[in-house]
Amino acid sequence: MKTPVQNFTVAEAEGGQKLLQYLTRRLDGAVPPTALQKFIRTGQVRIDGKRCKPFDRVAAGQIVRMPPYEIKAPHNAPARQNATPGHDLDILHEDDDLLVIVKPAGLPVHPGSGHPFALTSILRARYPDAPFRPTPAHRLDRDTTGVLLVAKSYRALRAIHEAMTTGTAHKDYLAWVWGEWALGEVNDWVTLRDRLAKEGGPGRERVEPSEDGKEAVCKVRLLGVMDTASLVEVRLETGRTQQIRAQLASRGYPIVGDPKYGGGPPPMRLHAWRLVLPDAAFCAPPDWEGPWLVKRLRRASLAACREEDLGRPSASAPPDAPE
């Protein structure tokens, strides 16, 4: 069965995308990119009645003609089916362009092997009629908690990516690591620089230092020490997969609760506590308790997050390090 000819009006939130991006999102992945490119190349897709190219950018108010195509299930239909009620988002801030959530442990940002349900599934169910489907602007590992930005318009997505690429945005994490930190004194920033590459087969993949890997850079400072563990703050300068976990573990400081890198059983004590953009900042404390409690942090979506004071470990008895 084929669809009729469709004429889409580009919404304000969709403006600025490349035509191929726009149609892929608007059609929910029902037409492969190669088929879309063929439709565009042969003049069957038009913008305001004129021929166009795949990478022309669409503007709000323009009319995009889409020719008939075979109706097939979207490639991400399984994720939609798994978007069941009962998975509420912990929303820190929301406006017309931006949604800021505090991601819980165990929730992947995107579906993957063995994890069909993801944050994108929740967003799909929560905003079924959005002209521009809210899109995570960056990633957090499945078991990492904390502040995550979701763009509700293409202009917001583009602005966030530009800020992260140019270094005008930064992400700060809190982590408990096993061992007494010896790479610097309290509040002294030290730079960790490695080349990281994925090693191991499916299901056993780890990120390890490798001469053939991609450059990974972060800054770390010590906040406090217990007998068996240290609390550190990490500021990312690059965004490699599992970067913080791999860089700390390779120096003998695995993150508490990270079994993949030698930190013992979960929950993992790694939390994205603050994210600063050129014109906004958002912060949220981890919900750690007992000896892992971090004091004086507060939730906020104000400029005050830029200078939020970090706490120190609680006075509870220190835990046992993994054997």
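Treat the numbers as computed from the prediction; the structure is a model and nothing was measured.
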Engineer: Check whether any side-chain heavy atom of L23 sits under 4.5 Å from a side-chain heavy atom of V45, and report yes or no.
Structural biologist: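 Of all side-chain heavy-atom pairs linking V45 with L23, at least one is under 4.5 Å.
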Engineer: Between D143 and R245, is the salt bridge (Lys or Arg N to Asp or Glu O under 4.0 Å) condition met? List the steps.
Structural biologist: CA-CA 11 Å; D143 292 320; R245 300 160 65 187; over 6 Å; no
Engineer: Under a 4.0 Å N-O cut-off, is there an ion pair linking R235 with D172?
Structural biologist: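 A salt bridge is present here (some side-chain N lies under 4.0 Å from a carboxylate O).
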Engineer: Test your reading of the model: is there a side-chain donor-acceptor pair from D95 to the backbone of D97, 3.5 Å cut-off?
Structural biologist: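 Flag set: sc D95 to bb D97 pair under 3.5 Å.
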Engineer: Determine whether L192 and V220 make a side-chain contact, defined as any pair of heavy atoms from C-beta on separated by less than 4.5 Å.
Structural biologist: yes
Engineer: Could you check if a side-chain atom of Q243 sits within less than 4.5 angstrom of a side-chain atom of L196, using non-hydrogen atoms only?
Structural biologist: yes
Engineer: Give a yes-or-no answer on whether the side chains of T238 and E215 include a donor-acceptor pair shorter than 3.5 Å.
Structural biologist: no
Engineer: How close do L222 and L231 get, counting heavy atoms only, and between which atoms?
Structural biologist: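 Closest approach of L222 to L231, heavy atoms only: CD1-O, 3.6 Å.
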Engineer: Please assess H271 against Y173 for the test ring pair (Phe, Tyr, Trp, His ring centres under 6.0 Å), listing each intermediate value before the final yes or no.
Structural biologist: CA-CA 5 Å; H271 179 84; Y173 293 73; 8.6 Å; no
Engineer: With rounding to the nearest 0.5 angstrom, report the CZ to CZ distance, F39 to R46.
Structural biologist: 14.0 Å
Engineer: Got a donor-acceptor contact below 3.5 angstrom from the H138 side chain to the L149 backbone?
Structural biologist: yes
Engineer: To check you understand the geometry: which heavy-atom pair defines the closest contact between Q247 and D194, and what is its length?
Structural biologist: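 Closest approach of Q247 to D194: NE2-OD2, 2.7 Å.
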Engineer: Rounded to the nearest 0.5 Å, what separates atom CD1 in I47 from atom OH in Y22?
Structural biologist: 9.5 Å
Engineer: Return yes when atom CG of D287 has more than 12 non-hydrogen atoms of other residues, nucleotides or ligands closer than 6.0 Å, and no otherwise.
Structural biologist: no
Engineer: Would you find a donor on one side and an acceptor on the other, under 3.5 Å apart, between the side chain of R133 and the backbone of A130?
Structural biologist: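 Side chain of R133 to backbone of A130: no pair is present.
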Engineer: Please report the shortest heavy-atom distance between Q17 and E14, naming the atom on each side.
Structural biologist: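 Between these two residues, the closest heavy atoms are NE2-O, 3.1 Å.
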Engineer: What distance do H170 atom NE2 and L275 atom CG have between them, rounded to the nearest 0.5 Å?
Structural biologist: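 One gets 8.0 Å once the value is rounded to the nearest 0.5 Å.
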Engineer: So, the side chain of K198 versus the backbone of T241: is there a donor-acceptor pair under 3.5 Å, distance only?
Structural biologist: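 Answer holds: no.
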Engineer: For the residue pair R41 and K38, establish whether any side-chain heavy-atom pair is separated by less than 4.5 Å.
Structural biologist: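 Result yes, sub-4.5 Å side-chain heavy-atom pair found.
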Engineer: Report yes if some heavy atom in the side chain of N7 is under 4.5 Å from a heavy atom in the side chain of V64; otherwise report no.
Structural biologist: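 No, every pair of side-chain atoms sits at 4.5 Å or beyond.
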Engineer: Apply side chain to side chain contact (heavy atoms under 4.5 Å, CB included) to residues V217 and T191 and explain how you reach the verdict.
Structural biologist: CA-CA 7 Å; V217 183; T191 299; 3.9 Å; yes
Engineer: Is there a path of hydrophobic side-chain contacts, each under 4.5 Å between heavy atoms of I/L/V/M/F/W/Y residues, joining V58 to F132?
Structural biologist: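 No: no chain of side-chain contacts under 4.5 Å links F132 to V58.
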Engineer: Does the distance from a Lys or Arg side-chain N to an Asp or Glu carboxylate O, for E233 and R221, drop under 4.0 Å?
Structural biologist: yes
Engineer: If we ignore hydrogens and angles and just use 3.5 Å, is the side chain of R139 paired with the main-chain N or O of G239 as donor and acceptor?
Structural biologist: no
Engineer: Hey, is E237 close enough to K219 for a salt bridge, meaning N to O under 4.0 Å?
Structural biologist: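 Salt bridge: yes.
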Engineer: Would a hydrophobic clustering, with Ile, Leu, Val, Met, Phe, Trp and Tyr connected at side-chain separations under 4.5 Å, put L148 with F117?
Structural biologist: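 The answer is yes; both residues are in one hydrophobic cluster.
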Engineer: Between R269 and D258, is there a side-chain N and carboxylate O pair less than 4.0 Å apart?
Structural biologist: no
Engineer: Return yes when atom CD of E162 has more than 12 non-hydrogen atoms of other residues, nucleotides or ligands closer than 6.0 Å, and no otherwise.
Structural biologist: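 Incorrect, the count does not exceed 12.
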Engineer: Go through the steps to decide whether D90 and R299 satisfy the test salt bridge (Lys or Arg N to Asp or Glu O under 4.0 Å), and finish with yes or no.
Structural biologist: CA-CA 12 Å; D90 182 0; R299 286 172 66 106; 3.1 Å; yes
Engineer: Would a 4.5 Å heavy-atom cut-off, applied to side chains only, mark V150 and L123 as touching?
Structural biologist: yes
Engineer: Would N187 and L223 satisfy side chain to side chain contact (heavy atoms under 4.5 Å, CB included), going step by step from the backbone distance to the final call?
Structural biologist: CA-CA 6 Å; N187 286 329; L223 298 177; 4.0 Å; yes
Engineer: Taking atom types as modelled and ignoring hydrogens, do the side chains of E208 and S210 form a donor-acceptor contact shorter than 3.5 angstrom?
Structural biologist: no
Engineer: Would D141 and K103 pass as an ion pair if we require N to O under 4.0 Å?
Structural biologist: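 Salt bridge: no.
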Engineer: Evaluate the side-chain proximity of L89 to L99: yes if any heavy-atom separation is below 4.5 Å, no if none is.
Structural biologist: yes
Engineer: Hey, what do you get for CG (L20) to OG1 (T34), rounding to the nearest 0.5 Å?
Structural biologist: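 Result: 9.5 Å between the selected atoms.
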Engineer: Side-chain heavy atoms under 4.5 angstrom apart, residues restricted to Ile, Leu, Val, Met, Phe, Trp, Tyr: same cluster for Y154 and I63?
Structural biologist: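 In one cluster: no.
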Engineer: Backbone N or O of A182 within a donor-acceptor pair of the Y253 side chain at under 3.5 Å?
Structural biologist: yes
Engineer: According to a 4.5 Å side-chain heavy-atom criterion applied to Ile, Leu, Val, Met, Phe, Trp and Tyr, with indirect links allowed, do L277 and L157 form part of one hydrophobic cluster?
Structural biologist: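 Unlinked, L277 and L157 end up in two clusters.
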Engineer: Check A118 against P111 and note the closest heavy-atom contact, atom names and distance.
Structural biologist: CB-N, 3.4 Å
Engineer: Taking all heavy atoms of G179 and all of S230, pick out the closest pair and write down the distance.
Structural biologist: O-OG, 2.7 Å
Engineer: Side-chain contact, heavy-atom cut-off 4.5 Å: Q44 with R65?
Structural biologist: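 Q44 reaches R65 side chain to side chain.
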Engineer: Are V232 and L236 connected in the hydrophobic side-chain network, where two residues link if heavy atoms are under 4.5 Å apart?
Structural biologist: yes
Engineer: Minimum heavy-atom separation for V190 and G184, please, with both atom names.
Structural biologist: CG1-CA, 4.4 Å
Engineer: What's the separation between atom CG in L119 and atom CG in L107, rounded to the nearest 0.5 Å?
Structural biologist: 5.5 Å
Engineer: Nearest 0.5 Å, please: how far is NZ in K18 from OG1 in T24?
Structural biologist: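 If we round to the nearest 0.5 Å, T24:OG1 and K18:NZ are 12.0 Å apart.
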Engineer: Check step by step if side chain to side chain contact (heavy atoms under 4.5 Å, CB included) holds for Y261 and I244.
Structural biologist: CA-CA 11 Å; Y261 290 93; I244 296 174; over 6 Å; no
Engineer: Check whether F8 forms a cation-pi arrangement with R26 (NZ or CZ under 6.0 Å from the six-membered ring centre, at most 45° off the ring normal).
Structural biologist: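 Judged by the rule (NZ or CZ under 6.0 Å from the ring centre, within 45° of its axis), R26 counts as positioned above F8.
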Engineer: Is any NZ, NE, NH1 or NH2 atom of the basic residue among K152 and D96 found under 4.0 Å from an Asp or Glu carboxylate oxygen of the other?
Structural biologist: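 No salt bridge links K152 with D96.
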Engineer: In terms of ring plane angle, is the pair W178 and W292 parallel, tilted or perpendicular, where the classes change at 30° and 60°?
Structural biologist: perpendicular
Engineer: Starting from the C-alpha separation in whole Å, work towards a yes-or-no answer on side chain to side chain contact (heavy atoms under 4.5 Å, CB included) for T144 and Q242.
Structural biologist: CA-CA 10 Å; T144 301; Q242 299 175 14; over 6 Å; no
